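Notes to accompany the following structure.
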Amino acid sequence: MDPVVISGTGLYRPPHVITNAELVASFNRYVELQNAAHAAEIAAGTRAALVPSSVEFIEKASGIKQRYVIDKEGVLDPTRMRPRFAPRRDDELSLMAEIALDAGRKALAAARLEAHEIDAVYCAAANMQRAYPAMACEIQAALGTGGYAFDMNVACSSATFAIEQAANAVRAGGARRVLVVDPEVTSAHLEWRDRDCHFIFGDVCTAVVVEAAAGARADERWEILGTRLVTQYSNNIRNNAGFLNRCEDTDPDARDKTFMQEGRKVFKEVVPLAAAHIEQHLHALGLEPTQVRRYWLHQANLGMNQLIVKRLVGREVGDDLAPVILGEYANTASAGSIIAFHHHRADLKAGDLGVICSFGAGYSVGSVVVRKM
Ligand code: COA
């Protein structure tokens, strides 16, 4: 069978940075304002006072130092605490499509392809900004690609799950070349008012071209040796926003309508799940974890990534084996492992092996084993 390759990646990085210091200053101002507004209830013991956040905790607990966002002012406004996006008319390009176009065009350029040579677009992300028409159809039209397009959501594993669908479509002949885009406007579903998680996410969009090696023109190609996906139901990462909300007469701004997690449980449960998944996947391909030159892992927590790789190779590892982009980008949902792959692969040589692996809500774990051609 003709090998299937990743022949190009693209990255859209939003224009604004929020450092932990800026984030914590605005959060702590929000806490002061809330506590002042509810001083009587707090004094009466009928309401708990909000507690300030800290830069030291964020860096130590997560490894995150800053995040990129599409809108900074709205997020840092202590009387708002969410991005401000101007509504767009139906005949204007949607926000998610706009950032997907940027990353998608860069991936096509890297793969040395014209848009019309792509015959499938998968928009794979943790949230879609509307139910229909599919974001992917809008992106397909704006890019000028042919064939078909659809949206898919497996939260933080959306990108790797989409790469498997793309590789299968190319192998089965359903598409010759697939563009996977992962527009993650995480700032819109993060609860910036919740101290436990307000530091976690950043906005970004990644894109990946998957095609048959025979038709690929890119100088740099990564053969997909195998993909493997697994899901295991858990409520520990959850977001209840959805189209039934208005029929349930629930508050669209209630806490459960944005990202919620039991971070400690996620850490404990997902580390063994992801490490075993990668090991089994490699073994099924006749490979040992120690043969892998680089792990491009999902980026949610520095400690989590270090622990997963330590379980795999039996020793402490540094950035060279498992590069971390969390410090700069924070958690970017499905895009994290693709950002790591995008930024940290140029030094690998032909024949080197790598693993792109995502893990997150679902739970879901997806791995893509690649070899540089
Ligand atoms: N500033 C200061 N202190 C904070 C804080 C903040 N912003 N948020 C929580 N704390 C405090 C807590 O109140 C708690 O204090 P206590 O021990 O006195 O009760 C302490 O820090 C530890 O809180 P905990 O929530 O247990 O922190 P943690 O070490 O588990 O780190 C995460 C939190 C979210 C960074 C970490 O659990 C994580 O990354 N988990 C994996 C998440 C993941 O992969 N999610 C997938 C999302 S796609």
Side-chain angles (χ1 to χ4, degrees), residues 18-32 34 48-67 75 81 124-127 153-161 182 184-204 231-232 234-239 258-275 277 297-309 322 324-327 329-340 357-366:
I18 298 180
T19 64
N20 285 346
E22 290 173 302
L23 183 75
V24 167
S26 123
F27 181 87
N28 289 351
R29 180 69 189 134
Y30 163 77
V31 167
E32 276 173 20
Q34 287 295 310
L50 296 181
V51 182
S53 182
S54 95
V55 170
E56 296 68 32
F57 170 82
I58 295 170
E59 292 199 13
K60 190 160 170 283
S62 69
I64 295 165
K65 296 194 168 82
Q66 61 165 51
R67 69 284 298 139
V75 169
M81 306 294 278
N127 276 274
N153 173 358
V154 203
C156 290
S157 284
S158 299
T160 54
F161 276 52
D182 319 296
E184 292 289 5
V185 188
T186 62
S187 60
H189 63 98
L190 173 58
E191 183 46 86
W192 297 93
R193 296 169 296 186
D194 183 340
R195 170 179 181 261
D196 283 353
C197 67
H198 76 114
F199 52 88
I200 286 180
F201 285 119
D203 297 332
V204 80
T231 51
Q232 181 183 301
S234 165
N235 277 324
N236 289 331
I237 313 170
R238 193 169 172 112
N239 182 334
T258 46
F259 170 85
M260 296 188 297
Q261 76 167 348
E262 296 276 354
R264 212 146 260 245
K265 286 190 189 161
V266 173
F267 195 113
K268 278 200 190 124
E269 292 170 8
V270 171
V271 166
L273 187 67
H277 176 92
L297 298 183
H298 177 54
Q299 306 280 322
N301 181 290
L302 174 60
M304 221 166 158
N305 287 17
Q306 288 170 339
L307 214 53
I308 288 170
V309 185
V324 175
I325 55 96
L326 261 174
Y329 289 87
N331 181 343
T332 52
S334 73
S337 56
I338 308 298
I339 301 175
C357 182
S358 67
F359 32 89
Y363 297 130
S364 55
V365 186

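As the structure is a prediction and not an experimental result, all values here were calculated from the model. Atoms within each ligand, like the ligands themselves, are counted from 1 in listed order. Below, all heavy atoms of this structure are taken into account, side chains as well, without hydrogens, waters or symmetry copies.
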Measuring to protein heavy atoms, does anything land under 4.0 Å from [atom]?
{"atom": "atom 37 (O) of ligand 1", "value": "yes"}
{"atom": "atom 17 (O) of ligand 1", "value": "no"}
{"atom": "atom 14 (C) of ligand 1", "value": "no"}
{"atom": "atom 8 (N) of ligand 1", "value": "yes"}

Any nitrogen or oxygen of [X] lying under 3.5 Å from a nitrogen or oxygen in ligand 1? Just yes or no.
{"X": "A61", "value": "no"}
{"X": "R264", "value": "yes"}
{"X": "S54", "value": "yes"}
{"X": "S62", "value": "no"}

Worksheet entry | Q299 side chain to Y329 side chain, donor-acceptor N/O pair below 3.5 angstrom |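 Checked: Q299/Y329 side chains show no N/O donor-acceptor pair below 3.5 Å.
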Discussion item. Can a side-chain donor-acceptor contact be found between E269 and N236 if the only test is distance below 3.5 angstrom?
Written reply: yes
Worksheet item: Is I237 touching ligand 1 with its side chain, its backbone, both, or neither, if touching means heavy atoms under 4.0 Å apart?
Response: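 Just the side chain.
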Worksheet item: Counting only heavy atoms, which portion of V51 has something under 4.0 Å from ligand 1: side chain, backbone, both, or neither?
Response: neither
Worksheet item: How close does the nearest protein non-hydrogen atom get to atom 33 (C) of ligand 1, and which residue and atom is it?
Response: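 Closest protein heavy atom to atom 33 (C) of ligand 1: F57 CZ, 4.3 Å.
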Fill in: Ring geometry between H189 and F201 (parallel below 30°, tilted from 30 to 60°, perpendicular above 60°)
tilted
